[in-house]
Amino acid sequence: MPIANVKKAIPYSGLLLYPDRNPLEIQENIALAPLTTFQVGGPARYFIEAHAEHEVMEAVAFALARHLPLFVLGGGSNLVVADEGWPGLVLKVSLRGVEFEGDLEKMLFCAGAGENWDDLVALAVSKSCAGIECLSGIPGTVGGTPVQNVGAYGQEVSETITRVRALEIATGNTLEMSNADCGFAYRTSKFNGVMRDKYIVLEVDYLLRRNDEPKIEYADVKKFFAAQPGAGKPTLQQVRDAVRSIRQSKAMLIVPGDEDCRSAGSFFKNPLVSEAEATRIEVLAHKLVPGRALPRYPGGNGLVKLAAAWLVEQSGFHKGYSRGPVGISRKHSLAIVNRGGAKAKDIVALKEEIQHKVFDVWGVSLHAEPVFVGLNRHSSE
Ligand SMILES: Cc1cc2nc3c(=O)[nH]c(=O)nc-3n(C[C@H](O)[C@H](O)[C@H](O)COP(=O)(O)OP(=O)(O)OC[C@H]3O[C@@H](n4cnc5c(N)ncnc54)[C@H](O)[C@@H]3O)c2cc1C
């Protein structure tokens, strides 16, 4: 179906006149499950993979002209897609290209939204650039990283992102957002908050520290190197390797054939609670599970961050827990996994079972981290 058929895309009308370009390839009824790490979900009514910015714009014009709901797909690593699929257009952003420039102290990496995130980390580490080494092995694309302010092992992308270039869906304008404009906080930004579904990330800049030391603050990373005494100060590459190895031991690295990584990573966010609430839960923990102290960390703004994994485990959901075709990873109690043949409804049912039990036992609401596509809002909370 050539895009030239679209007549009524008002904000984008000028974009439809590209006589020298090949028509956009618009596919129909494309299965979404294979495009996600969970491997669940029905088909997209329409599907376009955009390799260039003008294709992103043409795809949006196509959706607007037909009043189709638009879903922007990156690497599909943080999604639960409805069994019914998506009734509108799924636009896969495959914008490639990485440029970098800098000096001996700093280097700015500008990456297309469709670049594989871990490849970018590998490139940065190979150029002796620090700032994202602890985010090694996280699946997905560059464009997905600002959306939930991707973080792991003591780093978040908000520490290094200096600019996000994005397309405003309603107007067709591209604009540049500073770090402050993005409104980053724990696992959130304006892209999954107040600006949800309003922008398509096209390109992201990360400012990294050249020839600086890797970050070794997270307990698991410290433990990894403590087990190798006398090995000297770890390099950026060694920290990257350590993080990938720790992730693999928890099925948090995509390894073909490992069914425990057929997931969306951690399924629940770590709850942020007030000091008084943390004390209440600590007292309860003392009573219910004596000898198992409640893990708690500073959450910023006077809040306390609790470990969702601990709450899940201490509510009776052990690693390897099964509920038909879904279950909890054998290697990580916070990952819901598709054991094969699962439906989105099975995942939602287990999510709700865990949320209800954790609330009943601890009085704490757990919020899901993945994005629910084509499922109603209630299922996703
Ligand atoms: C095994 C495993 C381990 C994981 N570990 C971590 C971890 O340690 N830390 C962490 O933070 N996350 C983790 N995740 C979750 C996931 O990898 C990240 O959230 C990732 O950044 C999602 O990127 P994606 O490209 O796959 O986005 P998708 O899953 O395709 O989409 C996620 C959301 O981002 C939006 N989006 C994607 N691309 C764009 C774009 N170009 N413009 C606008 N919106 C866009 C989508 O519309 C959707 O709302 C893990 C997932 C798995 C499967």
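Read the numbers this way: they start at 1 and go in the same order the structure lists the ligands and their atoms. The shown structure was predicted, so the numbers you read here are calculated from the model rather than taken from an experiment. What you see below is based on every heavy atom in this structure, not just the backbone, and it leaves out hydrogens, waters and symmetry mates.
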Taking atom 9 (N) of ligand 1 as the reference point, the nearest protein heavy atom with its distance: Gly151 O, 2.8 Å

Ligand 1-proximal atoms of Val371, by part, heavy-atom distance under 4.0 Å: side chain

Contact atoms of ligand 1, heavy-atom distance to Arg247 under 4.0 Å: 3 (C), 4 (C), 5 (N), 6 (C), 7 (C), 8 (O)

Non-hydrogen atom of Arg187 closer than 4.0 Å to ligand 1: yes

Short side-chain to backbone donor-acceptor contact, Asp181 and Ser178, under 3.5 Å: yes

Nearest protein heavy atom with distance in Å, relative to atom 51 (C) of ligand 1: Ser77 O, 3.3 Å

Donor-acceptor contact below 3.5 Å, side chain Asn338 vs main chain Gly340: yes

Shortest protein heavy-atom distance from atom 46 (C) of ligand 1, along with the residue and atom involved: Val72 O, 3.1 Å

Enumerated ligand 1 atoms positioned under 4.0 Å from heavy atoms of Val201: 40 (C), 41 (N), 42 (N), 43 (C)

Distance from atom 32 (C) of ligand 1 to nearest protein heavy atom, with residue and atom: Leu79 CD2, 3.8 Å

Sub-4.5 Å side-chain heavy-atom contact between Phe191 and Val164: yes

Nitrogen or oxygen of Thr141 less than 3.5 angstrom from that of ligand 1: yes

Test of proximity, Ala264 against ligand 1: N or O pairs below 3.5 Å: no

Nearest non-hydrogen protein atom, atom 21 (O) of ligand 1: Val150 CG2, 3.1 Å

Proximal atoms of ligand 1 relative to Gly265 (non-hydrogen, under 4.0 Å): 2 (C), 3 (C), 4 (C), 50 (C), 51 (C), 52 (C), 53 (C)

Phe71 near ligand 1 by a heavy-atom separation under 4.0 Å: yes

Per-atom contacts of ligand 1 with Gly140, taking only distances under 4.0 Å to non-hydrogen atoms: 23 (O), 24 (P), 25 (O), 26 (O)

Sub-4.0 Å heavy-atom contact, Tyr199 with ligand 1: yes

Atoms of ligand 1, numbered as shown, that sit under 4.0 Å from any heavy atom of Met252: 1 (C), 3 (C)

No-hydrogen, no-angle side-chain donor-acceptor test under 3.5 Å, Tyr206 and Thr145: yes

Charged N-O contact under 4.0 Å between Glu203 and Arg165: yes

Glu133 and Gln155: side chain donor to acceptor below 3.5 Å: yes

Contact check: Gln148 vs ligand 1, nitrogen or oxygen atoms, below 3.5 angstrom: yes

Distance from atom 29 (O) of ligand 1 to nearest protein heavy atom, with residue and atom: Asn78 N, 2.8 Å

Ile169 and Tyr199, any side-chain heavy atoms less than 4.5 Å apart: no

Atom 37 (C) of ligand 1: nearest protein contact (heavy atom, Å): Gly74 N, 3.8 Å

Under 4.0 Å to a heavy atom of Ala152 - the qualifying atoms of ligand 1, by number: 8 (O)

Pair Ser266, Glu369: side-chain N/O donor-acceptor within cut-off below 3.5 Å: no

Side chain proximity check, Leu135 to Val157, heavy atoms < 4.5 angstrom: yes

Sub-4.0 Å atoms of ligand 1 with respect to non-hydrogen atoms of Val147: 34 (O), 35 (C), 36 (N), 44 (N), 45 (C)

Worked verdict on Phe109 versus Trp117 for ring pair (Phe, Tyr, Trp, His ring centres under 6.0 Å): CA-CA 12 Å; Phe109 286 75; Trp117 169 251; over 10 Å; no

cation_pi(Lys351, Phe267) dist<6.0 Å, angle<=45: no

Ile138 neighbourhood, listing ligand 1 atoms whose heavy-atom distance to it stays under 4.0 Å: 6 (C), 7 (C), 8 (O), 9 (N), 13 (C), 17 (O)

Over 12 non-hydrogen atoms of neighbours within 6.0 angstrom of OH in Tyr218: no

Where Pro146 and Val204 come nearest, the two heavy atoms and their spacing: CG-CG2, 4.1 Å

Identity and distance of the protein heavy atom lying nearest atom 27 (O) of ligand 1: Gly75 N, 3.9 Å

Non-hydrogen side-chain atoms of Met195 and Met177 separated by less than 4.5 Å: yes

